Amino acid sequence: MPELPEVETIARGLAKRVTGEVIESVWLGQKKEPLKSPASQIAATLEQSRIVAVRRMGKHIVFDLDRVGWAPSPAKSRKLKETRSKQPRSVVPAEAGEGARPTPARAQWIVHLGMTGRMQVCAPGTEVEKHTHAILKLSSGRELRFVDPRRFGRLSVAQAGDFDATGTEPLEIEFEDFAKLFRGRKTPIKSALLNQKLLRGVGNIYADESLFRAGIRPRRRASSISRDQLRKLHSYIQEVLQEAIALGGSSISDYVNSDGEEGFFQLQHRVYGREAEDCLVCKTPIKRIVIAGRSSHYCPNCQK
Ligand SMILES: [Zn+2]
């Protein structure tokens, strides 16, 4: 599952490739699961909109859109229909949703990659992969596609500013606000770090790695952690995420392209996934426990 650093890398890669493009037409597949907003509304919002920015919010990719034209002229409609009829699966007429809800001039397209979702930027002739759920034709002639075999990914649209993932960005939060999150909280610190209402998008791997660097056991009650330890945790979360983003930055093109998965260089894990292996610091075997249904890895000697 793509974690925050991967999503950041993908969003930056997409920003480089598609910012400034106008979405000329949209094709959406028949599978219902990937569409969190009605298909007609997604198509009506995206078509004839310019992508002014692409950024990450939590684990979501957000495309900021600006309307460039209103209802397409009859000639344009015909052209769009022709384009669509060449596509392999069903067509969603953008017009269907327009009566019900006016299309806002500024809007957002929100993509969550789920487990296996990928964004492709490709030449129009590129073969359409199985499990392609959306194809956006761009003004440059290229296409932006959403592919997701397991269909846990989600596409939705919102009026500009309406979409606000819960929680605070872990890379932006100041220490005092960070410390406040855990005050009086009786849950294990690991659960608190994974709680999306507190911090956006710190995943399982990065939570384990940050706790290791900060020397805090994952099962420790959040409210029992000293201010000094919280200060360490705050800076190590940011350090771990930044390191992972820096590693991913060198592989943007591979990741965004069709054979993406192999492109993201992972952070060298010190505890995550290393059960029974020696701690890299003290050689004590790494332990694995389950907290709230998720695996947690820690060194019983280095972490207190
Ligand atoms: Zn150790």
Side-chain angles (χ1 to χ4, degrees), residues 2-26 28 34-37 41-70 94 102-114 117-122 133-148 153-173 196 199-201 238 241-242 244-246 248-257 260 263-264:
E3 299 278 350
L4 183 152
E6 287 89 332
V7 178
E8 174 76 27
T9 300
I10 295 163
R12 286 183 191 179
L14 286 166
K16 269 191 199 161
R17 286 150 184 254
V18 303
T19 301
E21 291 264 21
V22 173
I23 301 161
E24 293 192 332
S25 63
V26 176
L28 295 168
L35 309 181
K36 208 173 152 192
S37 304
Q41 199 185 330
I42 294 178
T45 304
L46 298 185
E47 288 188 341
Q48 298 307 306
S49 285
R50 184 184 305 280
I51 300 170
V52 292
V54 187
R55 61 209 165 89
R56 177 190 61 79
M57 281 178 79
K59 288 193 211 173
H60 295 84
I61 301 169
V62 176
F63 293 76
D64 291 310
L65 305 173
D66 235 349
R67 204 83 182 138
V68 290
W70 299 96
T103 312
R106 306 204 70 174
Q108 290 173 324
W109 180 37
I110 301 122
V111 177
H112 192 284
L113 297 171
R118 279 183 289 128
M119 305 292 296
Q120 300 176 328
V121 180
C122 46
H133 305 292
I135 301 176
L136 280 58
K137 273 186 95 53
L138 305 174
S139 46
S140 65
R142 294 179 304 167
E143 293 179 353
L144 177 56
R145 299 177 183 175
F146 176 69
V147 182
D148 186 7
R154 294 289 178 266
L155 308 178
S156 61
V157 290
Q159 295 210 20
D162 273 7
F163 174 72
D164 187 18
T166 58
T168 313
E169 279 295 331
L171 287 172
E172 290 164 14
I173 192 167
Q196 299 297 302
L199 291 170
R200 278 180 199 161
Q238 298 192 339
L241 292 172
Q242 294 289 11
I245 291 167
S250 58
S251 61
I252 282 173
S253 58
D254 295 333
Y255 199 92
V256 181
N257 273 336
F264 197 84

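The structure presented is a predicted model; accordingly, all values stated were derived computationally and were not measured.
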*Indicate the ring-plane relationship of H60 and F163, choosing parallel, tilted or perpendicular according to the 30° and 60° boundaries.*
perpendicular
*Evaluate the side-chain proximity of L241 to E3: yes if any heavy-atom separation is below 4.5 Å, no if none is.*
no
*Indicate the atoms forming the closest heavy-atom contact of S156 with K36, along with that distance.*
CB-CB, 3.8 Å
*L144 versus L14: any side-chain heavy-atom pair under 4.5 Å?*
yes
_Side-chain heavy atoms of L171 within contact of Q242, under 4.5 Å_ = yes
*Would you give the length of the straight line joining atom SG of C122 to atom CG of L138, rounded to the nearest 0.5 angstrom?*
9.5 Å
*Please tell me if the side chains of W109 and L65 come closer than 4.5 Å, counting only heavy atoms from C-beta onward.*
yes
_Contact between R200 and R56 at the side-chain level, heavy atoms closer than 4.5 Å - yes or no?_
no
_CG-CZ distance between D162 and R106, expressed to the nearest 0.5 angstrom_ = 13.0 Å
*Distance from I23 atom CD1 to S49 atom OG, nearest 0.5 Å?*
6.0 Å
*Calculate, to the nearest 0.5 Å, the distance between atoms CG and CG belonging to L46 and L155 respectively.*
8.5 Å
*Mind checking the CZ-NE2 spacing from R154 to H112? Nearest 0.5 Å is all I need.*
9.5 Å
*asked:* I need the M119 CE to R17 CZ distance, nearest 0.5 Å.
replied: 11.5 Å
_Testing the basics here: between L4 and G58, what is the closest heavy-atom pair and its distance to 0.1 Å?_
CG-O, 4.4 Å
*Is there a donor-acceptor contact under 3.5 Å from the side chain of E143 to the main chain of V121?*
no
_For a quick test of reading the model, state the closest non-hydrogen atom pair linking L28 to A134 and the distance between them._
CD2-CB, 3.7 Å
*So do P2 and L113 actually touch side chain to side chain, heavy atoms under 4.5 Å?*
yes
*Looking only at non-hydrogen atoms, find the nearest pair between A11 and R55 and report the distance.*
CB-C, 3.8 Å
*Do E47 side-chain atoms and V26 backbone N/O form a donor-acceptor pair below 3.5 Å?*
yes
_Is it true that S139 and E21 share a donor-acceptor pair across their side chains at a distance under 3.5 Å?_
yes
*Looking at side-chain heavy atoms only, is the closest gap between V18 and F63 below 4.5 Å?*
yes
*Less than 4.5 Å apart, any side-chain heavy atom of E8 and any of R12?*
yes
*Which pair of heavy atoms, one from A107 and one from T45, lies closest together, and at what distance?*
CB-CG2, 3.5 Å
*May I ask you to decide if V157's main-chain N or O and S37's side chain share a donor-acceptor pair within less than 3.5 Å?*
yes
